[in-house]
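Comments concern the structure below.
The structure displayed is predicted, hence computed values, not measured ones. Chain identifiers are assigned alphabetically (A, B, ...) following the order of the sequence lines, protein sequences preceding nucleic acid strands; residue numbering begins at 1 within each chain.
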Number of protein chains: 2
Amino acid sequence: MAIFQHIIRAMETLDVRPGQFSVLTVIGANPGLKQIAISEALDIRRANLVGMINGLERRGWIERRAVRGDRRAQGLYLTPRGRATLSRLRSMAARHERTATRLLTAAEKRQLLRLLARVHDATA
Amino acid sequence: MAIFQHIIRAMETLDVRPGQFSVLTVIGANPGLKQIAISEALDIRRANLVGMINGLERRGWIERRAVRGDRRAQGLYLTPRGRATLSRLRSMAARHERTATRLLTAAEKRQLLRLLARVHDATA
DNA sequence: TATTGTTATACTCTATAACTATA
DNA sequence: TATAGTTATAGAGTATAACAATA
């Protein structure tokens with residue numbers, strides 16, 4: 001929770017919220033994705049995604065384009081400005097990960113991830 | 001996050017939310033506490049605490065009593081039913097902690113807590 | 001008939017301002 | 001003048017239902 005608060009506070013300087021970061025990340029890795037696919041991937045109701053997408057589009061970070069073969073859907077793409085913003089956000093995330101693990105050795109970091117993965121397996 | 005979801009889902013069977021659990025825990029450990037103290041301890045606005053306290057009182061889990069020496073404040077106490085509920089919630093939390101760590105040895109559990117404490121120190 | 005995006009709406013959580021009764 | 005509790009209110013985040021256009 002402390003890490004989360006830390007990262008969220010940093011991203012607030014770009015006026016970006018965690019959900020927006022995750023949407024930008026998914027679109028960046030999967031250009032042309034339909035809203036329904038993002039909705040399923042991130043477990044966000046498609047009704048709630050509409051406003052988020054509108055906000056990201058209004059800020060010039062993403063755009064909706066027609067999808068060939070299905071006139072109901074629209075593909076989502078990052079704009080050049082969107083790519084620049086995502087790049088800055090990734091740098092922030094990386095910097096905060098370095099901060100969070102600065103008291104750990106490389107071996108301890110690996111060990112931490114290994115133990116957390118087992119906890120996750122146990123609760124999944 | 002997986003652990004949190006896990007515990008929250010279990011506590012929903014008693015219709016208890018994470019915030020309510022934390023308030024019951026703090027009152028249980030500090031009988032007679034004033035709302036302002038809980039507000040500061042749990043970082044909950046005193047305005048938002050009012051409704052939570054009302055809800056817990058309505059369900060017969062806590063009660064407000066006069067504080068000698070300060071007629072503005074009211075001390076909060078668990079009722080017998082509140083103590084019983086808190087006890088059940090603690091059992092749930094303990095059971096889920098056992099589930100979460102069931103793939104770890106005792107030494108690995110200690111190591112995990114040690115590493116997480118360092119990450120927390122680094123971000124605090 | 002089913003799916004995609006959308007609107008409308010409701011409920012919870014969280015945040016601020018302002019009031020009251022005391023101190 | 002400050003503090004404890006309260007009320008009112010507004011903003012996020014998240015949930016469901018229903019609609020139009022299209023499949």
message = Tell me the interatomic distance from A/Phe21, atom CZ, to D/dA12, atom C1', rounded to whole angstroms.
response = 20 Å
ask   = With side chains defined as the heavy atoms from C-beta onward, is the minimum distance between A/Leu76 and A/Glu63 less than 4.5 Å?
value = no
request  = For A/Met52 and C/dG5, give me the distance from atom CE to atom P, rounded to whole Å.
outcome  = 15 Å
query = Is A/Arg45 touching bases, backbone alone, or none of the nucleic acid, heavy atoms closer than 4.0 Å?
reply = base
request  = Check whether the side chains of B/Arg17 and B/Gln20 place a donor and an acceptor atom closer than 3.5 Å, and report yes or no.
outcome  = no
message = What is the separation between atom CD on B/Gln5 and atom C1' on D/dG13, rounded to the nearest whole Å?
response = 13 Å
message = Has A/Thr123 got a side-chain atom pairing as donor or acceptor with B/Ala2's backbone, closer than 3.5 angstrom?
response = no
ask   = Between B/Arg71 and C/dA21, does any side-chain N or O lie under 4.0 Å from OP1 or OP2?
value = no
ask   = Choosing from D/dA4, D/dT7, C/dT7, which nucleotide comes nearest the side chain of A/Ala47?
value = C/dT7
ask   = Ignoring hydrogens and angles, are the base of C/dA15 and the side chain of B/Asn48 linked by a donor-acceptor pair under 3.5 Å?
value = yes
task = Check the distance between C/dA8's P and A/Asn54's CG and give it to me in whole angstrom.
result = 12 Å
Integer-rounded Å distance: C/dT22 C1' and B/Arg46 CZ = 14 Å
request  = Give a yes/no answer on whether the side chain of B/Arg17 brings an N or O atom under 4.0 Å of OP1 or OP2 in C/dC11.
outcome  = no
inquiry  = Both B/Gln74 and A/Gly19 contact DNA chain D. Taking the nearest nucleotide for each, which residue is further toward the 5' end?
reply    = B/Gln74
request  = Kindly determine whether A/Glu40 and A/Arg46 satisfy salt bridge (Lys or Arg N to Asp or Glu O under 4.0 Å), including the steps that lead there.
outcome  = CA-CA 8 Å; A/Glu40 285 161 8; A/Arg46 60 191 203 290; over 6 Å; no
inquiry  = Looking at A/Arg72, I'd like to know whether one of its side-chain N or O atoms comes within less than 4.0 Å of OP1 or OP2 on D/dA23.
reply    = no
ask   = Can you check the A/Ile38 CD1 to C/dG5 C1' distance for me, whole Å?
value = 12 Å
task = Round to the nearest Å and state the distance from B/Leu42 atom CG to C/dC13 atom P.
result = 14 Å
key: Nucleotide C/dG5, atom P - distance to CG of A/Asp70 in whole Å   = 8 Å
task = Map A/Gly69 and B/Ala37 onto DNA chain D by nearest heavy atom, then report which one ends up closer to the 5' terminus.
result = B/Ala37
task = Output yes when at least one side-chain N/O atom of B/Gln35 is less than 4.0 Å from OP1 or OP2 of D/dT3, else no.
result = no
inquiry  = Among A/Thr79, A/Ile27, A/Thr85, which residue satisfies the side-chain contact (heavy atoms from CB on, under 4.5 Å) criterion with A/Ile62?
reply    = A/Ile27
